[in-house]
2 protein chains.
Amino acid sequence: MQTAALDATMLALSDPTRRAILNRLTSGEARVTEIAAPFAMSLNAVSKHIQMLERAELVRRRKSGREHFLSLNPKPLDEAAEWIEQQRTFWNSSLDALERALAEHKD
Amino acid sequence: MQTAALDATMLALSDPTRRAILNRLTSGEARVTEIAAPFAMSLNAVSKHIQMLERAELVRRRKSGREHFLSLNPKPLDEAAEWIEQQRTFWNSSLDALERALAEHKD
DNA sequence: AAGATATTCAACCTATTAGTTGAATATGCA
DNA sequence: TGCATATTCAACTAATAGGTTGAATATCTT
């Protein structure tokens with residue numbers, strides 16, 4: 001994954017409103033107004049959050065008349081997961097000497 | 001994971017300099033100056049990036065005299081991975097009708 | 001004590017986020 | 001046509017990010 005794409009994905013995921021929007025979309029596509037309803041902020045604020053999610057390509061937009069339907073795009077999330085899993089592999093394999101000794105002692 | 005902790009973790013991971021620092025630390029703990037060396041920015045800028053990583057508790061600091069040794073703390077990364085994996089599970093199980101039909105057709 | 005090294009703190013600048021309100025645009029409906 | 005609905009655009013504010021430079025603090029070395 002290009003670093004800029006990962007930057008945008010991680011940044012999009014760093015806000016609880018945006019994570020809640022993604023979670024909402026797991027139960028299927030939804031319109032902007034529907035997505036905004038549960039939040040204690042203006043429709044415009046939610047609209048901007050959606051735009052950040054689009055910038056990260058975590059959500060896709062389909063227009064039908066005046067309604068815009070949003071849905072999830074799993075690819076950037078897959079790539080974020082990949083980066084994190086790669087790191088976790090390294091992190092686990094580079095414990096310090098004491099930790100390694102303890103781990104070996106278990107065997 | 002508390003939302004604020006996840007916020008801080010994802011935000012910390014949204015910057016390429018900070019991801020590079022984490023990557024550097026997979027080969028063992030390092031001092032601030034050592035970490036800063038490869039980057040085309042001031043030591044102070046790197047010091048601030050390290051502070052953001054500490055705020056997310058992705059790195060820990062151990063002081064020995066005037067030197068500060070940084071090391072990785074895997075916990076927040078584990079929790080970020082957990083959130084993402086949970087989402088991925090839902091995302092995969094909530095494909096739209098067409099996609100489900102296609103998936104079933106494969107069986 | 002004095003000087004070098006390791007690091008942070010403080011102040012500043014610019015760009016971006018996250019929210020607001022008000023206006024514009026496009027579509028649907030009577 | 002005229003009005004309501006769905007959504008974005010534009011302008012504004014306040015807070016934060018990401019960088020700079022210069023000064024402060026703490027420690028090591030001679």
Side-chain angles (χ1 to χ4, degrees), chain A residues 2-25 28-71 76 80, chain B residues 2-25 28-71 76 80:
Chain A
Q2 295 201 54
T3 164
L6 198 47
D7 294 358
T9 300
M10 294 298 193
L11 183 60
L13 296 178
S14 74
D15 181 273
T17 299
R18 288 192 291 266
R19 290 198 305 274
I21 291 171
L22 293 177
N23 207 58
R24 162 69 179 80
L25 289 175
E29 65 175 15
R31 291 183 305 112
V32 174
T33 308
E34 291 167 353
I35 291 170
F39 297 105
M41 68 181 68
S42 71
L43 176 65
N44 277 3
V46 173
S47 174
K48 285 212 259 177
H49 279 303
I50 292 170
Q51 283 167 38
M52 287 203 67
L53 290 167
E54 279 188 287
R55 188 158 89 197
E57 296 184 71
L58 283 159
V59 320
R60 290 276 168 68
R61 184 184 302 251
R62 170 177 73 82
K63 297 184 194 178
S64 172
R66 63 186 163 176
E67 297 171 307
H68 298 202
F69 290 92
L70 287 312
S71 60
Chain B
Q2 296 201 56
T3 165
L6 199 46
D7 294 358
T9 300
M10 294 297 193
L11 184 60
L13 296 179
S14 74
D15 182 273
T17 300
R18 287 191 293 263
R19 289 198 305 274
I21 291 171
L22 293 178
N23 207 57
R24 162 68 180 80
L25 289 175
E29 65 174 15
R31 290 184 305 113
V32 174
T33 309
E34 290 167 353
I35 291 170
F39 297 105
M41 68 181 67
S42 70
L43 175 66
N44 278 2
V46 174
S47 174
K48 285 213 259 179
H49 280 302
I50 291 170
Q51 283 167 39
M52 288 203 66
L53 291 167
E54 280 187 288
R55 187 158 87 196
E57 297 184 68
L58 283 158
V59 320
R60 290 276 169 69
R61 185 185 300 252
R62 169 178 75 82
K63 298 184 193 176
S64 172
R66 62 187 165 179
E67 298 172 306
H68 298 201
F69 290 93
L70 287 313
S71 59

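The sequence lines fix the lettering, A, B, ..., with proteins before strands; numbering per chain opens at 1. Quick note: numbers below take in every heavy atom, side chains included, and nothing from hydrogens, waters or symmetry partners.
- Going from atom CD1 of B/Ile21 over to atom P of D/dG18 covers 11 Å, rounded to whole Å.
- Looking only at distances, no side-chain donor or acceptor of A/Arg24 sits under 3.5 Å from a matching main-chain atom of A/Ile35.
- In this structure, the separation between CE on A/Met10 and CG on B/Asp15 is 11.5 Å, given to the nearest 0.5 Å.
- A straight line from CG of B/Leu43 to C1' of C/dT7 spans 7 Å, rounded to a whole angstrom.
- Between the C1' atom of C/dT7 and the NE2 atom of B/His49 lies a distance of 16 Å, rounded to the nearest Å.
- The side chain of B/Arg55 places an N or O atom within less than 4.0 Å of a non-bridging phosphate oxygen (OP1 or OP2) of D/dA17.
- Considering only side-chain N and O atoms, B/Arg18 lies under 4.0 angstrom from the phosphate OP1 or OP2 of D/dG18.
- Put simply, CD1 on B/Ile21 and OG1 on B/Thr17 are 6.5 Å apart, with the number rounded to the nearest 0.5 Å.
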Could you run down the sub-3.5 Å N/O contacts of the protein with nucleotides 9-11 of chain C?
from, atom 1, to, atom 2, distance (Å)
C/dC9, N4, B/Asn44, OD1, 3.3
C/dC9, N4, B/Asn44, ND2, 2.6

Show me the protein contacts with nucleotides 25-27 of chain C, counting only N or O atoms at under 3.5 Å.
from, atom 1, to, atom 2, distance (Å)
C/dT27, O3', A/Arg66, N, 3.4
C/dT27, O2, A/Arg66, NH1, 3.4

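- Considering B/Leu53, B/Leu22, B/Leu25 as possible partners of B/Leu70, the one that fulfils the side-chain contact (heavy atoms from CB on, under 4.5 Å) test is B/Leu25.
- Checking each of A/Thr9, A/Leu11, A/Leu13 against B/Ser14 for a side-chain contact (heavy atoms from CB on, under 4.5 Å) leaves exactly one that passes, namely A/Leu11.
- Between A/His68 atom NE2 and A/Arg31 atom CZ the span is 10.5 Å, to the nearest 0.5 Å.
- Separating the CZ atom of B/Phe39 from the P atom of D/dT20 is a distance of 13 Å, rounded to the nearest angstrom.
- Contact annotation for A/Leu11: backbone-only contact, meaning every heavy-atom pair under 4.0 Å involves sugar-phosphate atoms and none involves a base.
- Residue A/Thr33 has a polar side-chain atom (N or O) positioned under 4.0 Å from OP1 or OP2 of D/dT7.
- In this structure, the separation between NZ on A/Lys48 and CZ on A/Arg18 is 11.0 Å, given to the nearest 0.5 Å.
- Considering only heavy atoms from C-beta on, B/Arg66 stays 4.5 Å or farther from B/Lys63 through its side chain.
- Distances were taken from every side-chain heavy atom of B/Ser42 (C-beta onward) to each of C/dT7, D/dT20, C/dT17; the shortest belongs to D/dT20.
- Side chain of A/Ser64 to main chain of A/Glu67: no donor-acceptor pair is present (N/O by atom type, distance under 3.5 Å, no hydrogens or angles).
- Closest to the A/Ala45 side chain, of the nucleotides C/dT7, D/dT20, C/dT20, is C/dT20.
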